Amino acid sequence: NLDAKLREKMRFELKRLQRELRITTVYVTHDQSEALALSDRIAVMNHGRIVQLADPYTIYERPADPFVADFIGSSNFFRGTALDVAKDRVRVEIGEGRTLLAHSAVPVARGTPVAVSVRPERIELLDGTDGGGGAGGGDGADRTNTFEVEIQERTFLGSHHSLLVRAGGDVFRVECRAVPDGASAFVRIPAEACIVFPAPPDNR
């Protein structure tokens with residue numbers, strides 16, 4: 001229960017003690033930032049069971065299931081149906097003609113319901129001129145995972161902005177450094193930032 005700056009300072013101090021004393025330390029916390037900063041390996045538990053045990057980068061970038069994706073950091077979830085499946089990539093229909101090309105951590109079958117997890121900071125915000133005509137535009141530009149959104153809320157957090165945006169029936173968060181002046185914009189979601197899970201998470 002330290003104040004924010006002292007808590008960050010103590011985080012570095014604990015890391016220094018770990019290196020100098022060279023002892024195994026088990027740190028139990030609900031603070032995801034501390035877990036990522038202090039750990040060589042993280043065990044994420046759900047209902048008393050370890051659901052993923054890995055290094056911090058893998059836990060954050062390649063979560064094993066929707067619970068880990070939502071518990072460590074923040075994630076947007078898009079519900080949809082698997083369309084084209086090839087190796088570790090899946091194209092997912094998410095509604096209103098929009099599709100997402102995504103990484104699949106586990107095999108999924110064509111036509112099955114899925115959830116696509118995307119971190120808010122991995123979504124690129126473009127203005128209307130950069131977005132062009134969206135997916136399937138006629139100028140030859142790559143429109144993969146690019147579509148128009150309506151900006152519903154803007155929150156300034158100092159180092160970045162947090163936006164709540166809507167595309168069709170999906171409302172999701174975007175974290176970015178600059179915000180367009182208008183009420184709409186385009187987003188581009190890198191395929192490697194999209195992770196497919198076989199079934200939608202409950203209550204998302």
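As the structure is a prediction and not an experimental result, all values here were calculated from the model.
Contact of the K15 side chain with the L38 side chain is registered, since non-hydrogen atoms from C-beta on lie closer than 4.5 Å. Residues L83 and T99 form a side-chain contact, since some pair of their non-hydrogen atoms from C-beta on lies under 4.5 Å apart. Two residues are said to be in side-chain contact when any heavy atoms from C-beta on lie closer than 4.5 Å; N76 and I123 meet this criterion. Counting heavy atoms from C-beta on, the side chains of F71 and I59 never come closer than 4.5 Å. Residues P198 and T112 form no side-chain contact, since every pair of their non-hydrogen atoms from C-beta on lies 4.5 Å or further apart.
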Exercise for review: Start with the C-alpha gap between V149 and R166, add the side-chain angles, then the distance that decides, and say whether side-chain contact (heavy atoms from CB on, under 4.5 Å) holds.
Suggested key: CA-CA 5 Å; V149 297; R166 175 184 291 275; over 6 Å; no

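In terms of heavy-atom proximity, F77 sits nearest to S117 at CE2-CB, 3.8 Å. Nearest heavy-atom pair across E148 and S184 is OE2-OG, 3.6 Å. Between A102 and C194, the closest heavy-atom pair is CB-CB, 3.4 Å. Counting all heavy atoms, side chain and backbone alike, A82 lies closest to V108 at CB-CG2, 4.4 Å. Scanning both residues, L126 and A185, for their nearest heavy atoms gives O-CB, 3.1 Å. Minimum heavy-atom separation, E61 to P63: C-CD, 3.4 Å.
With sequence neighbours excluded, the residues that form a salt bridge (charged side-chain N to carboxylate O under 4.0 Å, His left out) with E124 are R188. Partners of E121 according to the salt bridge (charged side-chain N to carboxylate O under 4.0 Å, His left out) rule, which considers only residues two or more places apart in sequence or in another chain, do not exist here. The side-chain contact (heavy atoms from CB on, under 4.5 Å) check on D3 picks up K5, L6, with sequence neighbours excluded. With sequence neighbours excluded, the residues that form a side-chain contact (heavy atoms from CB on, under 4.5 Å) with R154 are I151, L163, V179. Under the rule for a ring pair (Phe, Tyr, Trp, His ring centres under 6.0 Å), the partners of H161 that lie at least two apart in sequence or sit in another chain are F156. Applying the side-chain contact (heavy atoms from CB on, under 4.5 Å) rule to L36 yields the partners I42, P56, Y60, I72; only residues at least two apart in sequence or on another chain are considered.
Residue L2 forms a side chain to side chain contact (heavy atoms under 4.5 Å, CB included) with just one option from K9, E8, M10, R11, and that option is M10.
Under a hydrophobic clustering in which Ile, Leu, Val, Met, Phe, Trp and Tyr are joined whenever their side-chain heavy atoms come within less than 4.5 Å, directly or via other members, I94 and V85 fall into the same cluster.
Checking side-chain atoms of S104 against main-chain N and O of V90 turns up no donor-acceptor pair under 3.5 Å. With R119 contributing its side chain and S74 its backbone, the two residues share a donor-acceptor pair below 3.5 Å. Side-chain N or O atoms of R79 include none that pairs as donor or acceptor with a backbone N or O of A115 at under 3.5 Å.
Under the salt bridge (Lys or Arg N to Asp or Glu O under 4.0 Å) criterion, the residue pairs touching residues 96-108 are E96-R98, R98-D170, with sequence neighbours excluded. Sequence neighbours left out, the pairs with a member in residues 18-31 that pass salt bridge (Lys or Arg N to Asp or Glu O under 4.0 Å) are R7-D31, R16-E20. Annotation: side chain to side chain donor-acceptor pair (under 3.5 Å) contacts involving residues 35-55, sequence neighbours excluded, comprise D55-T58. Among residues at least two apart or in separate chains, ring pair (Phe, Tyr, Trp, His ring centres under 6.0 Å) pairs with a member in residues 78-120 are F78-F172.
Grouping Ile, Leu, Val, Met, Phe, Trp and Tyr by side-chain contacts under 4.5 Å, direct or through others, puts M45 with I50, L53. Applying the under-4.5 Å side-chain rule to Ile, Leu, Val, Met, Phe, Trp and Tyr, the cluster around V28 extends to V26.
A distance of 12.0 Å separates CG of L125 from CD of E175, quoted to the nearest 0.5 Å. Atom CZ in R89 sits 5.5 Å away from atom CG in L101 (nearest 0.5 Å). To the nearest 0.5 Å, atoms CG (D65) and CG (D70) are separated by 10.0 Å.
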